[in-house]
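Chain A is the first sequence line, chain B the second, and so forth, proteins listed ahead of strands; every chain is numbered from 1.
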There are 2 protein chains.
Amino acid sequence: MIKIGELSKVTGCSVQTIRHYEKEQLIASAERSEGNFRLYDEAAVEQLLFIKHCRSLDLSLPEIRQLLALNRSPGAQCDDVNRMMDRHIEQVEARIQELTKLNEQLRKLRRSCSNRRTVKQCGILRNLSATPVSSG
Amino acid sequence: MIKIGELSKVTGCSVQTIRHYEKEQLIASAERSEGNFRLYDEAAVEQLLFIKHCRSLDLSLPEIRQLLALNRSPGAQCDDVNRMMDRHIEQVEARIQELTKLNEQLRKLRRSCSNRRTVKQCGILRNLSATPVSSG
DNA sequence: ATTGACTCTATAGTTATTATAGAGTTTATA
DNA sequence: TATAAACTCTATAATAACTATAGAGTCAAT
């Protein structure tokens, strides 16, 4: 059994984050030592790595909670998992589109001013003052 | 002179957001009517639209504050504006890269499970449990 | 016995809003 | 003129997923 600092090192999650996950019920309340320190086993390490992997894919904590619940009932159909992934992929792609559009606008704006002009002549500020381009 | 609700309609910013911008010093404290209602003129409308345009470009409130300050000293060099834009563009492009990578991983993961399998056989959950792919 | 490293809980801060409660003001209607 | 509806005011809490802090307790080594 390891303490929370060790778990933090092994998994790369900060100590506060681990405590946060416990409070948010993503991991079970840990056993405690006599001195009230949290104690973890290998299963805890793996569950935390699972969560970390999900987070690296930008899944939200509620989404992860849902996956963990499904994981616990291995007989269930996994349609729900698929639906969640599909929705998540859609969101990510929508965000990429938004940012790509945004990037074009920013570059265009940036081209409107070369260095060493005064603010008065600055195309960026002038253009920002004009009516916004329609965009989310 | 118009009241905050009218300003909200004209600019498309919510009433609370306008009050928030005042608290955050993005717009000056509004004049008040006898009954203590905020009163705005045309200049306020334009400044709010400026802010809204900046927000649509994902500039942060502190960044916008900086732009507004520069706007007020029209003799200053606008190098600072350019630096800010360059940094911002970099950030947006980095985020696009991240998301693109993420999207590839999600699609790959999604392909590992077709519908109507049980959770036990679900490739998504299996793969999520494996050691994470290195990624921010 | 004491130092240092670790852990505990509880609370506040981060960002840019949105939402709420409870009170006061103004406008329109009966 | 009374009253209701619509609006505004301030202050506070919630959102997401942490991060940081304070103040106290625990444990291992000296």
Side-chain angles (χ1 to χ4, degrees), chain A residues 1-27 29-40 44 48 50-68 84 87-88 91-92 95 98 102 135-136, chain B residues 1-27 29-40 44 48 50-68 87-88 91-92 95 98-99 102 135-136:
Chain A
M1 303 292 268
I2 58 176
K3 281 183 287 180
I4 198 167
E6 180 77 16
L7 182 62
S8 170
K9 255 181 227 150
V10 172
T11 61
C13 299
S14 79
V15 167
Q16 303 103 296
T17 296
I18 296 170
R19 288 199 277 245
H20 180 65
Y21 287 167
E22 180 180 314
K23 195 190 293 179
E24 294 292 319
Q25 315 245 42
L26 286 171
I27 54 182
S29 294
E31 281 180 63
R32 297 300 181 106
S33 71
E34 292 208 353
N36 199 31
F37 286 8
R38 289 175 178 81
L39 296 177
Y40 299 96
L48 201 45
F50 176 93
I51 294 171
K52 203 189 169 196
H53 191 184
C54 291
R55 288 294 299 135
S56 81
L57 296 173
D58 255 9
L59 292 164
S60 68
L61 299 197
E63 282 172 332
I64 297 170
R65 210 181 347 247
Q66 199 180 330
L67 287 179
L68 289 166
M84 178 191 298
R87 200 179 44 230
H88 191 66
Q91 278 172 16
V92 169
R95 185 64 183 148
E98 265 177 43
L102 177 56
S135 81
Chain B
M1 302 293 267
I2 58 176
K3 283 182 287 182
I4 199 166
E6 181 78 15
L7 182 63
S8 170
K9 256 180 226 149
V10 171
T11 60
C13 298
S14 79
V15 166
Q16 303 102 297
T17 297
I18 296 170
R19 288 199 278 245
H20 180 66
Y21 286 168
E22 180 180 314
K23 195 189 293 180
E24 293 292 319
Q25 314 245 41
L26 287 172
I27 54 181
S29 295
E31 281 180 64
R32 297 300 181 106
S33 72
E34 292 205 354
N36 198 33
F37 286 7
R38 289 175 178 80
L39 296 176
Y40 298 97
L48 201 44
F50 176 93
I51 294 171
K52 202 189 169 197
H53 192 183
C54 291
R55 287 295 298 134
S56 81
L57 297 172
D58 255 9
L59 292 164
S60 69
L61 298 196
E63 282 173 333
I64 297 171
R65 211 184 345 252
Q66 200 180 331
L67 287 178
L68 289 167
R87 200 180 43 233
H88 191 67
Q91 278 170 18
V92 170
R95 186 64 184 148
E98 265 177 43
L99 287 178
L102 178 56
S135 82

Measuring only between side-chain heavy atoms, which start at C-beta, is [X] closer than 4.5 Å to [Y]?
| X | Y | answer |
| --- | --- | --- |
| I18(A) | I27(A) | yes |
| I51(A) | L68(A) | yes |
| C54(B) | E63(B) | no |
| D58(A) | L102(B) | yes |
| R87(B) | Q91(B) | yes |

[options]: which one has an atom nearest the side-chain heavy atoms of [X]?
| X | options | value |
| --- | --- | --- |
| K23(A) | dT8(D), dC18(D), dT11(C) | dT11(C) |
| L61(B) | dA16(C), dT19(D), dT26(C) | dA16(C) |
| F37(B) | dC18(D), dT17(C), dT8(D) | dT8(D) |
| T17(B) | dT19(D), dT7(C), dT17(C) | dT17(C) |

Whole angstrom is fine here: how far is it from [atom1] in [X] over to [atom2] in [N]?
| X | N | atom1 | atom2 | answer |
| --- | --- | --- | --- | --- |
| I4(A) | dT7(C) | CD1 | C1' | 8 Å |
| R19(B) | dA21(C) | CZ | C1' | 13 Å |
| R55(B) | dT17(C) | CZ | P | 4 Å |
| H20(B) | dT14(C) | NE2 | P | 12 Å |
| E6(A) | dT7(C) | CD | P | 9 Å |
| K9(B) | dA6(D) | NZ | C1' | 10 Å |
| E24(B) | dA16(C) | CD | C1' | 9 Å |
| R65(A) | dA16(D) | CZ | P | 10 Å |

Check this one for me: any side-chain N or O of [X] less than 4.0 Å away from OP1 or OP2 of [N]?
| X | N | result |
| --- | --- | --- |
| S33(B) | dT25(C) | no |
| Y21(A) | dA17(D) | no |
| S14(A) | dT19(D) | yes |
| R32(A) | dT9(C) | yes |

- Query: Checking all strands, does R38(A) fall into the base, sugar-phosphate, or nothing category for heavy-atom contacts under 4.0 angstrom?
  - Reply: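 Result for R38(A) = sugar-phosphate.
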- Query: If each of K3(A) and Q16(B) is mapped to the nucleotide of DNA chain C with the nearest heavy atom, which maps nearer the 5' terminus, i.e. the 5' end?
  - Reply: K3(A)
